[in-house]
Structure formats: structure tokens, C-alpha cells
Amino acid sequence: MSEKLKELRERSQKRKKLLAQTLGVSSVSELRQALGATLDVPAKKQAVPGGGNEGGDKPVAKDQPDELVYTDSSTFLKGTQSSNPHNDYCQHFVDTGQRPQNFIRDVGLADRFEEYPKLRELIKLKDDLIAQTATPPMYLKCDLKTFDLKQMGNKFDVILVEPPLGSGWRWQDVLALDLQQIAQARSFIFLWCGSSEGLDMGRECLKKWGFRRCEDICWIKTNIKNPGHSKNLEHNAVFQRTKEHCLMGIKGTVRRSVDGDFIHANVDIDLIISEDPEFGSSEKPIEIFHIMEHFCLGRRRIHLFGRDSTIRPGWVTIGHELTNSNFNAELYASYFTEGRESTGCTERIEALRPKSPPNTSKGARPRGRGGFRGRGRGRGAL
């Protein structure tokens with residue numbers, strides 16, 4: 001018990017130091033002033049002048065060290081929750097330039113599952129299996145406005161589209177892409193679409209390409225390393241935009257309950273919280289790759305509008321910003337001979353991964369085993 005208490009105290013101290021750094025104070029002891037906390041020393045532990053030590057047998061109790069006491073939750077979450085949240089938020093943002101999402105803890109891939117050992121084990125096992133079954137990285141430099149996607153000679157289970165809007169590309173150009181040529185009969189697409197009007201145009205693209213929108217992954221951008229007002233203000237925006245959306249679409253018939261050989265649902269969440277890239281950068285969080293790889297067990301993956309920095313094992317990267325090419329359609333197809341179409345699974349992963357809730361409807365027909373050994377089909381969609 002003492003070891004556990006020691007560990008909790010050390011973790012608390014680390015978080016206080018991080019909070020002090022985030023708020024720009026020099027030490028943990030100055031947090032009380034930054035957070036509006038008060039000192040509260042219990043009276044019964046204070047020294048009592050002239051009393052309690054008449055015989056000189058017991059030493060006079062020393063004053064307790066200063067203790068940081070939060071008066072309520074709005075004190076700690078200043079700027080995000082209070083009796084007058086609008087005023088507090090505005091004042092806090094003006095004073096520090098910190099976004100509220102900066103204070104969400106344990107958002108990084110490294111320490112997200114620190115307190116959840118089974119989830120940590122599941123993610124590690126899946127990452128190891130994905131790495132073992134990944135194809136060598138391939139890449140193709142081409143202009144997607146003129147390139148015929150039929151020349152790829154392959155179809156893919158997962159398609160990631162990252163259109164460079166504003167860099168010679170408009171939504172109409174993206175809509176004109178013939179992605180039906182590279183999508184497997186059952187496949188998934190992930191489309192970065194920004195926000196605002198991009199959400200509407202993204203849905204139009206999915207519909208035109210033959211996908212049904214099923215999820216919306218949201219990237220919340222922190223500014224811990226560079227606090228202050230955003231330098232990327234959009235002229236038609238009402239609020240400062242600190243998020244982007246990635247729409248997910250599904251093609252074909254895939255059910256969570258019977259297609260455990262192809263998808264593992266509910267492993268990750270639909271939210272990414274990471275640092276806003278430098279002004280002018282088009283980089284997206286690497287976590288989107290982890291989400292796609294954890295979810296879909298299909299090994300054929302392609303990234304449209306990729307760059308040298310996004311070349312990755314298990315993926316084919318194509319786009320005009322690449323500096324070289326090594327893609328060979330026949331060699332790539334040889335990586336997927338019979339029985340090697342997916343990453344597969346293990347008994348331990350199957351035991352750890354979240355399962356679909358059982359169907360309790362009366363008279364419902366059986367939906368299949370849902371395990372990683374089966375390859376059945378259902379009638380409904382994911």
C-alpha cells in the first residue's frame with residue numbers, strides 16, 4: 001500500500017510540474033497564485049502559545065507546510081468551467097493564449113493507457129502483429145489530376161485521402177477523382193476535410209465514390225508549445241478553428257458481429273488530441289494511421305496526396321509532392337497470395353479486444369460467430 005501511495009504522489013507531482021510549465025510559472029509553489037488557490041492550515045495542528053507543553057514533555061507542534069487547496073473545480077479548470085464561463089474563458093485566453101484542450105492529460109500514444117494494463121497489452125499486441133505483416137513501403141510520384149488510377153493494378157482495403165486544398169486543388173478536383181477504380185468490394189475510406197464547408201463537400205465525395213459515411217474522427221489541436229492566438233485565421237470563420245475532421249466511409253457489407261476477420265471495432269476512439277503544427281504545415285497527426293491499422297485487418301492500404309514524411313511500412317503512398325518512386329504493381333500484388341490478405345489475429349488479441357454487445361431482440365436470427373477464425377457475411381452494414 002505504501003508503494004502504491006508513493007507512486008500516486010510521484011505522479012501527482014509530475015502533473016503539477018507539467019501544469020506549472022503550461023501556465024508559465026517558475027515552480028509548483030506558485031501554482032496557488034496562478035490557480036487562485038488559498039492556504040488552509042488546520043487549526044488543530046498549529047502551535048498553541050502557552051498551552052499543551054506545560055510540563056515540557058512534548059514539543060510544541062510545528063506549523064504544517066503550506067498546502068495547495070482548490071476551492072472548487074472551476075478554480076482548477078479556469079477558463080473552461082465557472083459560474084460565468086464566457087467571461088472566464090475570454091479572460092483566460094487573453095491572459096495566457098492557452099486553449100482549454102491543453103489541460104486534458106494523458107492524450108499521447110505513449111502514456112494514454114498507463115492506468116489500463118489490458119488495453120495497453122491489446123494495443124502492443126496489435127502493433128506488433130501489424131509490424132510483422134506489413135508490406136515494404138512503396139511510393140509513386142504522380143499528378144493525381146491526370147494520373148489514371150487503373151494503372152495501380154491493385155485494389156485496396158483502406159484508402160486515406162489528404163487533399164491539398166488551397167495548393168492548386170479545389171473540392172471539385174477532389175470530387176473528380178475516380179476512387180472506385182482502387183476500392184475493394186468491402187473497403188474503408190478516410191477523408192481529411194477540414195471543417196465548415198469541408199464537411200458538406202466531404203460527404204458529397206464519399207457518396208460519389210460509392211461509400212457510406214459511418215464515422216467522423218475529430219482532431220483537436222492544442223497549442224502547448226506555442227501559446228497565443230492562432231496565426232491561421234480564416235476570413236469567413238466566426239470562431240477560431242482549432243479542429244479538423246476526417247470522415248470515414250464504408251463500402252460493401254461489413255458487420256461487426258460476423259466480420260471479425262476483417263475489422264476490430266471499438267479499439268480506438270474517434271478523437272485525436274495533439275499539437276497544432278507550425279504555421280503553413282500540412283502535416284496530420286500520425287495517430288490517424290494507428291486508428292486505421294487497428295480497425296481494419298486488411299493489409300492493402302493506400303495514402304493519396306502523401307509526402308516523403310508519410311511513407312510508411314504497410315502502405316502505398318502516391319502524390320505529386322513525393323521526390324521519388326519505387327512502386328511495382330506486380331511485386332505489390334505478390335504480397336497478397338491466398339491466405340495473406342489480412343494481418344490475422346491471435347487468441348490473446350481476440351480475448352482482449354472489445355466485442356459487439358449481444359443482440360437481445362426476440363426472434364433475432366443468429367449473426368455468426370464473430371471471431372477471427374470466421375469469414376461469414378451478414379446483411380447489414382457496420
Side-chain angles (χ1 to χ4, degrees), residues 7-37 68 70 72-82 85-116 119-120 123 162 192 194-196 216-234 237-246 268-291 307 309-310:
E7 180 183 350
L8 291 174
R9 286 176 177 173
E10 290 177 353
R11 189 177 301 172
S12 176
Q13 191 67 16
K14 288 180 181 178
R15 288 171 181 162
K16 287 180 181 179
K17 288 180 181 179
L18 178 60
L19 183 59
Q21 181 182 358
T22 304
L23 293 178
V25 296
S26 59
S27 64
V28 174
S29 61
E30 295 183 13
L31 275 177
R32 65 176 61 85
Q33 183 176 356
L35 296 173
L68 190 62
Y70 303 114
D72 57 31
S73 61
S74 65
T75 301
F76 184 75
L77 298 174
K78 184 178 180 182
T80 60
Q81 175 181 329
S82 73
H86 175 73
N87 290 343
D88 278 357
Y89 172 81
C90 293
Q91 186 61 44
H92 181 65
F93 192 85
V94 168
D95 289 345
T96 68
Q98 297 280 355
R99 297 173 184 172
Q101 56 262 38
N102 291 0
F103 300 95
I104 303 174
R105 66 179 181 88
D106 297 340
V107 297
L109 290 172
D111 54 3
R112 176 172 305 164
F113 304 109
E114 181 182 357
E115 300 176 8
Y116 305 94
L119 280 175
R120 185 170 64 247
I123 296 302
E162 191 179 328
W192 283 107
S195 58
S196 189
D216 176 0
I217 300 171
C218 188
W219 173 25
I220 306 296
K221 304 177 184 180
T222 59
N223 66 342
I224 298 173
K225 297 179 182 178
N226 188 26
H229 294 290
S230 173
K231 299 180 178 64
N232 192 22
L233 296 177
E234 300 183 35
V238 178
F239 300 108
Q240 290 192 35
R241 292 176 179 168
T242 63
K243 61 178 175 59
E244 288 189 39
H245 296 267
C246 182
D268 290 289
I269 63 173
D270 58 356
L271 189 66
I272 300 173
I273 303 176
S274 66
E275 189 72 0
D276 199 352
E278 294 182 0
F279 178 66
S281 172
S282 59
E283 293 294 327
K284 298 296 189 289
I286 195 173
E287 187 173 345
I288 191 67
F289 288 101
H290 292 268
I291 291 174
R307 300 166 297 281
S309 61
T310 63

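- Checked against side-chain contact (heavy atoms from CB on, under 4.5 Å), Gln13 has the following partners two or more places apart in sequence or in another chain: Lys16, Lys17, Val28.
- For Glu244, the salt bridge (Lys or Arg N to Asp or Glu O under 4.0 Å) partners are Lys221, Lys284, not counting sequence neighbours.
- Asp216 is linked by a side chain to side chain donor-acceptor pair (under 3.5 Å) to His245, counting only residues two or more places apart in sequence or in another chain.
- Glu115 pairs by the salt bridge (Lys or Arg N to Asp or Glu O under 4.0 Å) definition with Arg11, Arg15, Arg105, not counting sequence neighbours.
- Residues passing the side chain to side chain donor-acceptor pair (under 3.5 Å) test with Asn102 are Gln98, Asn223, sequence neighbours excluded.
- Scanning for side-chain contact (heavy atoms from CB on, under 4.5 Å) contacts around Leu271 gives Cys218, Ile220, Ile269, Ile273, with sequence neighbours left out.
- Residues that satisfy the side chain to side chain donor-acceptor pair (under 3.5 Å) test with Trp192, not counting sequence neighbours, are absent from this structure.
- Residues satisfying the side chain to side chain donor-acceptor pair (under 3.5 Å) criterion with Ser309, sequence neighbours excluded, are Glu283.
- Considering only heavy atoms from C-beta on, Ser274 stays 4.5 Å or farther from Glu287 through its side chain.
- Looking at Asp276, Thr222, Ile224 one by one, the single match for side-chain contact (heavy atoms from CB on, under 4.5 Å) with Arg99 turns out to be Asp276.
- Scanning for salt bridge (Lys or Arg N to Asp or Glu O under 4.0 Å) contacts around Glu275 gives an empty result, with sequence neighbours left out.
- The line from SG of Cys246 to CD of Glu162 is 9.0 Å long, rounded to the nearest 0.5 Å.
- Closest approach of Ile272 to Ile288, counting heavy atoms only: CD1-N, 4.1 Å.
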